[in-house]
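Before any comments, here is the structure.
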Amino acid sequence: MRGEGEAVRLTGAELGADLGERATLVQFSTSFCQPCRATRRTLAEVAGMVEGVAHVEVDAESQLELVRRLEIRRTPTVLVLDAAGRVVRRAAGQPRRMDVIAALGEAV
């Protein structure tokens with residue numbers, strides 16, 4: 001997972017779900033994306049392990065304006081938001097559980 005150059009900030013209203021108290025794992029997915037299913041399980045598992053962390057899945061096909069704004073090029077793409085909704089890390093492709101946990105360490 002790589003860091004974000006300039007701090008992009010997202011709100012719960014933009015994502016269609018409440019942000020976590022400490023951090024939010026945002027997953028951009030599409031219905032035909034096979035690795036998205038495994039990513040969903042990994043992120044839900046990590047969010048369940050850390051108090052105050054939420055997992056939000058966004059359907060990239062129905063949120064094209066947000067996808068363009070964030071320059072999402074492939075699915076799954078995962079964004080790690082801090083408590084204020086700032087993007088602190090992002091990665092494209094299926095993340096490893098250890099990488100997600102490490103990225104959360106930067107957000108909380």
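This is a predicted model, so every value here is computed, not measured.
Looking at residues two or more places apart in sequence or on another chain, you find no side chain to side chain donor-acceptor pair (under 3.5 Å) involving Arg74. Residues meeting the side chain to side chain donor-acceptor pair (under 3.5 Å) test with Asp18, sequence neighbours left out: none.
Summarising the geometry, atom OG belonging to Ser31 is positioned 8.5 Å from atom CZ belonging to Arg37; distances are rounded to the nearest 0.5 Å. Here Arg41 contributes atom CZ and Arg97 contributes atom CZ; the two are 13.5 Å apart, rounded to the nearest 0.5 Å. Here CG of Leu70 is found 10.5 Å from CD of Glu65. Values are rounded to the nearest 0.5 Å. Atom CD1 of Ile72 sits about 4.5 Å away from atom OG1 of Thr77, to the nearest 0.5 Å.
Annotation for Ala107 and Asp82: closest pair O-CB, 3.6 Å, computed over non-hydrogen atoms. The shortest non-hydrogen separation linking His55 to Arg40 is CE1-O, 3.8 Å. Pairing each heavy atom of Thr39 with each of Pro76, the nearest pair is OG1-CG, 3.4 Å. A pairwise comparison of heavy atoms in Thr30 and Ala60 identifies CG2-CB, 4.0 Å as the closest pair.
A 4.5 Å side-chain heavy-atom check between Gln27 and Thr42 finds every atom pair outside the cut-off. Side-chain contact between Val100 and Val78: absent, with no pair of heavy atoms (C-beta onward) separated by less than 4.5 Å. Residues Leu81 and Leu15 meet the side-chain proximity criterion, which asks for heavy atoms closer than 4.5 Å. With a 4.5 Å cut-off on side-chain heavy atoms, Arg22 and Val50 count as touching.
Among Thr24, Leu66, Leu19, the one residue that satisfies the side chain to side chain contact (heavy atoms under 4.5 Å, CB included) test with Leu10 is Leu66. The only member of Leu79, Val80, Val87 that meets side chain to side chain contact (heavy atoms under 4.5 Å, CB included) when paired with Val26 is Leu79.
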Requested in this report: Might you work through the side chain to side chain contact (heavy atoms under 4.5 Å, CB included) test for Val53 and Val46, ending with a clear yes or no?
Outcome: CA-CA 8 Å; Val53 174; Val46 171; 5.8 Å; no

Report task. Decide yes or no on side chain to side chain contact (heavy atoms under 4.5 Å, CB included) for Phe32 and Glu61, but give the supporting numbers first. Result -> CA-CA 10 Å; Phe32 57 84; Glu61 295 168 302; 3.6 Å; yes

Query - Verdict with reasoning, Glu51 to Val108, per side chain to side chain contact (heavy atoms under 4.5 Å, CB included) - result: CA-CA 10 Å; Glu51 190 174 332; Val108 294; over 6 Å; no

Requested in this report: For side chain to side chain contact (heavy atoms under 4.5 Å, CB included), just list the numbers for Asp59 and Gln63, CA-CA rounded to whole Å, side-chain angles, deciding distance to a tenth of an Å, and then say yes or no.
Outcome: CA-CA 6 Å; Asp59 177 19; Gln63 297 290 335; 5.6 Å; no

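Looking at Glu14 and Arg69, a side-chain N of the basic residue comes within less than 4.0 Å of a carboxylate O on the acidic one, giving a salt bridge.
By the 6.0 Å contact criterion, CD on Glu45 is enclosed, its count of non-hydrogen atoms from other residues, nucleotides or ligands being greater than 12.
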